[in-house]
Peer 1: 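First, the structure itself, so that you have it in front of you.
The structure displayed is predicted, hence computed values, not measured ones. Naming convention: chains lettered A, B, ... in sequence-line order (proteins, then strands); numbering from 1 in each chain.
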There are 2 protein chains.
Amino acid sequence: MEILRTIADMKAWSQRVRSTGRSLGLVPTMGALHEGHLSLVQRSLAGSDLTVVSIFVNPKQFGPGEDLGTYPANWEADRDLLEPLGVDAVFLPTRDLMYPKGFQTTVTVEGITNHLCGKSRPGFFQGVTTVVLKLFHIVQPHTAYFGEKDRQQLHVIRRMVEDLNLDVEIVGCPIVRDADGLAKSSRNQYLSAGQRDTALSLNRALEMARERIEAGEADAALLRREIESVLAPYADARIDYVSVCDADTFEELEVIHDKALVALAVFVGKARLIDNCLIERVPCKEPC
Amino acid sequence: MEILRTIADMKAWSQRVRSTGRSLGLVPTMGALHEGHLSLVQRSLAGSDLTVVSIFVNPKQFGPGEDLGTYPANWEADRDLLEPLGVDAVFLPTRDLMYPKGFQTTVTVEGITNHLCGKSRPGFFQGVTTVVLKLFHIVQPHTAYFGEKDRQQLHVIRRMVEDLNLDVEIVGCPIVRDADGLAKSSRNQYLSAGQRDTALSLNRALEMARERIEAGEADAALLRREIESVLAPYADARIDYVSVCDADTFEELEVIHDKALVALAVFVGKARLIDNCLIERVPCKEPC
């Protein structure tokens, strides 16, 4: 497994690979790898001839007061997870290399970023799109893999790729959960045992919403209130948003027609946790 | 000369060329070609194995009330200028292909765009960087050529290329002038004979500033006033900006040390004309 620490080395490695006609998959991460990340890596290993994992805690996607300073990092543990899988290269740049003095450029996707995490975390998606575009230029992947836990991010990146005429295929991969239903997240490390119990309520709320929608409930505002009721008993949970929205535009729905994205962001202690579920209504058997 | 009207055709042509190891130069234009553009084309023909000229009147770099609707366009004349030079391909997309329904992405360079044309024309440089990045992704040139008449644009594009880790060499080419000193511009077509006389005052003001700076004048505010005095007698000239600024940051200077960029934007009738000159002070022979 090659460890590439400079942009020039990464570009040279990538050009060498591409010139041999082999396909290149990229899994962009911020490290603190868990099984969610590893599922993306496995998907890339299966679908691309060679796989690069980038590890870069991107300061531009953290707002003031967020957890940039404490974001978990453990390069040795990450390396020990990636190497046995057969990852071909890890790109591990420093902040100074990615954002040298005088850096002034930002990539913005409008519209879909006005909702959910974009609304809660101003500048977050700009940070994401800017760093991902840089990574695409540096690594030159044919395919890049992103998790559906950050479903809005996945859509924002697809939008950027299409708008900017990039030749990178974007593959979204399903959320990976612990046995008890908690979505894997690097930020789960922040949770105490009690907070972890609270955190399980996110998935329970989503499952409740799935049952209700599949059973025919179409009133999105009612569902948002019901989701809030699932979370309400937990004193250590503070809702950032509860959304029942259009799965393409991320605009809040009033009425659920064929499908809805149900998405949550909840602070549990100092961890801001997100989770989501794309729910399709079971078609009526009778005309309705 | 290949005429490529779709993004897919342009990409395919470009990939074919690059796969043979030949170098590709791009001259991005908005058409209405004049000798300024042709000097960029000549430079590309001399420096690259193959040359693509793009012609696209980019709506995103025009503000409300600007001249998007009347911007000169004459494809047949442009073609007749390019073909005899030996240009290999012209990329001629429509607005709907470049900005399809749902387009939401913008590239922004901060800092240097807060001055001069960036200050006068909000959104202008975002329009430029967005379309140029798209063109770079579509055409995949090794080298791209831009005129120094739009010197701030040249710097903004260099900044974007560096910040986003693009592998495109940016070449700036000198301003081309008519025999009487007027900088070549597609917008010169808007000028009546009388307005053309007025327009000559831009270059005269720059030449005055050059003489004054080379002779040792270091007071930038004084020079700005003197430039304004050159333009003042012309009733049909309306100054947008007169700048004596740092040639890298575009911040206004108080004192000129070794060099200055002198830049003007002046409305003459409905034409907004720009011109500039990078002036270096003649070093003192005595310690000063």
Peer 1: Quick one: closest heavy-atom pair of B/D163 and A/K134, and the distance?
Peer 2: O-NZ, 2.7 Å
Peer 1: When heavy-atom pairs shorter than 4.5 Å are enumerated against chain A, which of B/V107, B/L133, B/T249, B/T108 gives the highest number?
Peer 2: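 Sorted descending by pairs with chain A, the first entry is B/T108.
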Peer 1: Closer than 3.5 angstrom, by distance alone: can the side chain of B/H137 be matched with the main-chain N or O of A/L164 as a donor-acceptor pair?
Peer 2: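 Side chain of B/H137 to backbone of A/L164, a donor-acceptor pair under 3.5 Å: yes, one is there.
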Peer 1: Given that the side chain runs from C-beta out, which part of B/I7 has a heavy atom under 4.5 Å from chain A: side chain, backbone, both or neither?
Peer 2: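 Contact with chain A involves the side chain of B/I7 alone.
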Peer 1: Can you see which heavy atom on B/R159 is nearest to which on A/K101, and at what distance?
Peer 2: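 In terms of heavy atoms, the two residues are closest at NH2-O, 4.3 Å.
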Peer 1: Starting at CD of B/Q15, measure out to CG of A/D167 and round the result to the nearest 0.5 Å.
Peer 2: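 The CD atom of B/Q15 sits 6.0 Å away from the CG atom of A/D167.
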Peer 1: Are more than 12 heavy atoms, taken from residues, nucleotides or ligands other than B/K119, located less than 6.0 Å from that residue's NZ atom?
Peer 2: no
Peer 1: Which atoms of B/Q140 are under 4.5 Å from chain A, going by heavy atoms: the side chain, the backbone, both sets, or neither?
Peer 2: neither
Peer 1: Where on B/I112 is there a heavy atom nearer than 4.5 Å to chain A: the side chain, the backbone, both, or neither?
Peer 2: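 Contact with chain A involves both backbone and side-chain atoms of B/I112.
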Peer 1: In sequence, state the C-alpha distance, the side-chain angles, and the governing distance for A/T105 and B/T129, and then conclude on side chain to side chain contact (heavy atoms under 4.5 Å, CB included).
Peer 2: CA-CA 10 Å; A/T105 304; B/T129 43; over 6 Å; no
Peer 1: Of all of B/Q126, B/K11, B/E162, which one pairs up most often with chain A through heavy atoms under 4.5 Å apart?
Peer 2: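 It is B/K11.
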